[in-house]
Amino acid sequence: MNLLDRTVAFTAALRRANVPVSSAETVDAVRAVGAVGWADREAVRAAFAATMCKRPLYRNAFDSLFDLYFPPRIGDGVALGDSGETSGSGQSADGANGPAPELTPQELEALRRAMRDQLRDALLDGDDDRLRDLARRSVTAFGAAQNGPGQRSYFIYRVLRAMSPETLIADLLAAMLGEEERGGLGERIARQTISDRIKAFEDMISSEVRRRMAEERGIEAVERSAVKPLADQVDFLRASQRDLVELRRQVYPLARRLATRLTAKRRLGRTGRLDFRRTVRASLATGGVPLETKHRPHKPHKPELVVLCDVSGSVASFAHFTLMLTHALREQFSKVRAFAFIDTTDEVTRFLRGLDLGDMMARIASEADLVWFDGHSDYGHAIDVFAEKYPDAVGPRTSLLILGDARNNYRATSAAVFRRLCGQARHSYWLNPEPRSYWGSGDSATGAYADFVDEMVECRNVEQLQHFIERLLPT
């Protein structure tokens, strides 16, 4: 495969990973690489990224695929047959084809200690070349396992367990700070620097393992597992703590757009009530016939928002995201009231006033009254309590937003009460984190509620939430 064919295959892989790359951008990428040359791999990466990545969101997927399709030639490759040729990276660490010789447990432990000492020095110096070389050698020493004759697999966790870079933090802090007093700005900067370098080393190990697995099994086989879903395509119900950190960066722009769309209908058509006096005055030019009506200027104002959020264990990650969204929405509406429920409902608006989202979540979990009977979802009782305790929460200027999966454990739905609440609101929308194909199955009560809201929307990730906001109302 020549470089042009590999570039085309790389473009196709980006598209399969939901990174939009047009044919024109592929041509631009080839022209950019023609300008910088193929000698410097990082320059090629930068040229491709500048022409193919439209958003920072796509960069992680881009880098993972770039490392697969344009791997560095740094040794420790896979031998091909008896000809002595190697694939991609060529040779093993000692310069000969084939696996490294077996080491005794004592020799392996001595090697591990020596490499950890080298890792500590490289992390202290911030030397990327040494870190990359250590990543390659540590994968060779600790990451390989024989699957059968001539077949090997590599495991990231085995390398990280052997090298344990996080256990070097104390030594690195002592070396970086010296006699400096602990607990101040210097220590915080040093900790952040160490964390960034350890993260970079772990990424180098992951990249090296993927490269070797691609040589063993083929790029296409590794590609599917190497590229994680884009941040806006991660299912809320499966989001990890790291995913939630990324979602937090996206939630405030979404909140602003949602507030704008919920007020858009007020700006459509006529702007304000009829101004009779100005209309009569304008009709004098047409003999008293009011051909053109005049209206009072529209006075825009922020709408009111009521959020009713399921925070039960089955939707814990979704609840975390929706509470972050509610926290952001409070700045976009004149009045925001937030209510959380499991099998009973409590107002949690008071917890939105703080700026720290972690403290907000902890206080809601410990101080809010959300459990009435057994701590399992009971939408019917939660709706009854909401309507009884907070009768003035929903009014004609209110946008009602319900967030939950409608899994009701086969309990009463209180559909009549919910219908009345939706009738009182100006708008009512339900965001459901489950796939639409699951609605109505098992203990799902979506059928009892979907007809009463303006729309029940499948909202499994940020991308679907963005699509909902974009089509909510015309601009």
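Computed over heavy atoms, backbone and side chain alike; hydrogens, waters and symmetry mates excluded.
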With Arg161 via side-chain hydrogen bond (donor to acceptor under 3.5 Å, both in side chains) - residues at least two apart: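 Arg161: no side-chain hydrogen bond (donor to acceptor under 3.5 Å, both in side chains) contacts found.
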With a 3.5 Å distance limit and no angle check, can you tell me whether [X] reaches the backbone of [Y] through a side-chain donor-acceptor pair?
| X | Y | result |
| --- | --- | --- |
| Gln464 | Arg460 | yes |
| Arg197 | Leu123 | yes |
| Asp405 | Arg407 | yes |
| Arg116 | Met163 | yes |
| Thr11 | Thr26 | no |
| Glu25 | Ser22 | yes |
| Ser64 | Asn60 | yes |
| Arg6 | Tyr69 | yes |
| Thr104 | Glu107 | yes |
| Glu208 | Ala135 | no |

query: By side-chain contact (heavy atoms from CB on, under 4.5 Å), which residues pair with Val30, not counting sequence neighbours?
result: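 Per chain and number, Val30 pairs via side-chain contact (heavy atoms from CB on, under 4.5 Å) with Leu4, Thr7.
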field: With sequence neighbours excluded, residues passing side-chain contact (heavy atoms from CB on, under 4.5 Å) with Asn18
entry: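 Applying side-chain contact (heavy atoms from CB on, under 4.5 Å) to Asn18 gives Leu230, Gln233.
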Supply the atom-to-atom distance [X] [atom1] to [Y] [atom2], rounded to the nearest 0.5 angstrom.
| X | Y | atom1 | atom2 | value |
| --- | --- | --- | --- | --- |
| Arg210 | Ile205 | CZ | CD1 | 11.5 Å |
| Leu401 | Leu308 | CG | CG | 9.5 Å |
| Asp454 | Ser428 | CG | OG | 4.0 Å |
| Phe142 | Tyr157 | CZ | OH | 14.5 Å |
| Thr193 | Leu124 | OG1 | CG | 11.0 Å |
| Phe201 | Arg130 | CZ | CZ | 11.5 Å |

Is the shortest side-chain heavy-atom distance between [X] and [Y] below 4.5 Å?
| X | Y | answer |
| --- | --- | --- |
| Ser399 | Val306 | no |
| Asp310 | Leu403 | no |
| Met52 | Leu14 | yes |
| Leu119 | Leu168 | yes |
| Arg436 | Glu458 | yes |
| Gln118 | Asp121 | no |
| Leu305 | Lys335 | no |
| Asn432 | Trp439 | yes |

Minimum heavy-atom distance [X]-[Y], with the two atoms named:
| X | Y | value |
| --- | --- | --- |
| Ile198 | Pro165 | CD1-O, 3.5 Å |
| Phe318 | Pro433 | CD2-CG, 3.5 Å |
| Val36 | Ala47 | CG2-CB, 4.3 Å |
| Ala13 | Leu65 | O-CD1, 3.6 Å |
| Gly143 | Val159 | CA-CG2, 3.5 Å |
| Met456 | Tyr449 | CE-CB, 4.2 Å |

- prompt: Do Thr140 and Arg212 have side-chain atoms, one donor and one acceptor, less than 3.5 Å apart?
  reply: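 Side chains of Thr140 and Arg212: pair found under 3.5 Å.
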query: Can Arg112 and Ser138 be counted as having a side-chain donor-acceptor contact under 3.5 angstrom?
result: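 Ser138 and Arg112 do not have a side-chain donor-acceptor pair below 3.5 Å.
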- prompt: Could you walk me through whether Arg132 and Met204 pass the side chain to side chain contact (heavy atoms under 4.5 Å, CB included) check?
  reply: CA-CA 6 Å; Arg132 194 171 291 108; Met204 292 172 187; 4.1 Å; yes
- prompt: Is the shortest distance from a Lys or Arg side-chain nitrogen in Arg45 or Asp40 to a carboxylate oxygen in the other one below 4.0 Å?
  reply: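 Not counted as a salt bridge, because no side-chain N and carboxylate O are separated by less than 4.0 Å.
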- request: Report the C-alpha distance between Arg31 and Thr51 in whole Å, list the side-chain angles of each, state the deciding distance to 0.1 Å, and finish with yes or no for side chain to side chain donor-acceptor pair (under 3.5 Å).
  value: CA-CA 10 Å; Arg31 294 176 62 186; Thr51 51; over 6 Å; no
- request: Could you label the plane-to-plane angle of the Tyr379 and Trp430 rings as parallel, tilted or perpendicular, counting under 30° as parallel and over 60° as perpendicular?
  value: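 Aromatic pair Tyr379/Trp430 classed parallel.
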- prompt: How are the rings of Phe10 and Phe48 set to each other: parallel, tilted or perpendicular (split at 30° and 60°)?
  reply: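 If you compare the ring of Phe10 with that of Phe48, the planes turn out tilted.
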field: Near-ring test Phe62/Tyr58, centroid separation under 6.0 angstrom
entry: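 Centroid distance Tyr58-Phe62: not below 6.0 Å, so no.
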message: What verdict does the salt bridge (charged side-chain N to carboxylate O under 4.0 Å, His left out) test give for Lys199 and Asp203, after you've listed the backbone C-alpha separation in whole Å, the side-chain angles of each residue and the deciding distance to 0.1 Å?
response: CA-CA 6 Å; Lys199 176 64 168 56; Asp203 290 342; 2.9 Å; yes
message: Could you go through Arg337 and Val307, starting from their C-alpha distance and side-chain angles, then the distance that decides it, and tell me whether this counts as side chain to side chain contact (heavy atoms under 4.5 Å, CB included)?
response: CA-CA 6 Å; Arg337 296 185 69 180; Val307 179; over 6 Å; no
- prompt: Can Val209 and Ile156 be said to form a side chain to side chain contact (heavy atoms under 4.5 Å, CB included), step by step?
  reply: CA-CA 7 Å; Val209 167; Ile156 296 173; 3.8 Å; yes
- request: Begin from the C-alpha positions of Arg113 and Asp117 and carry the test salt bridge (charged side-chain N to carboxylate O under 4.0 Å, His left out) through to its verdict.
  value: CA-CA 6 Å; Arg113 291 179 180 276; Asp117 291 340; over 6 Å; no
Steps toward side chain to side chain contact (heavy atoms under 4.5 Å, CB included) verdict (Asp127, Leu131): CA-CA 6 Å; Asp127 191 332; Leu131 288 175; 5.8 Å; no
field: Residues, nucleotides or ligands: over 12 heavy atoms within 6.0 Å of Arg16 CZ
entry: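 Atom CZ in Arg16 is crowded, with more than 12 foreign heavy atoms closer than 6.0 Å.
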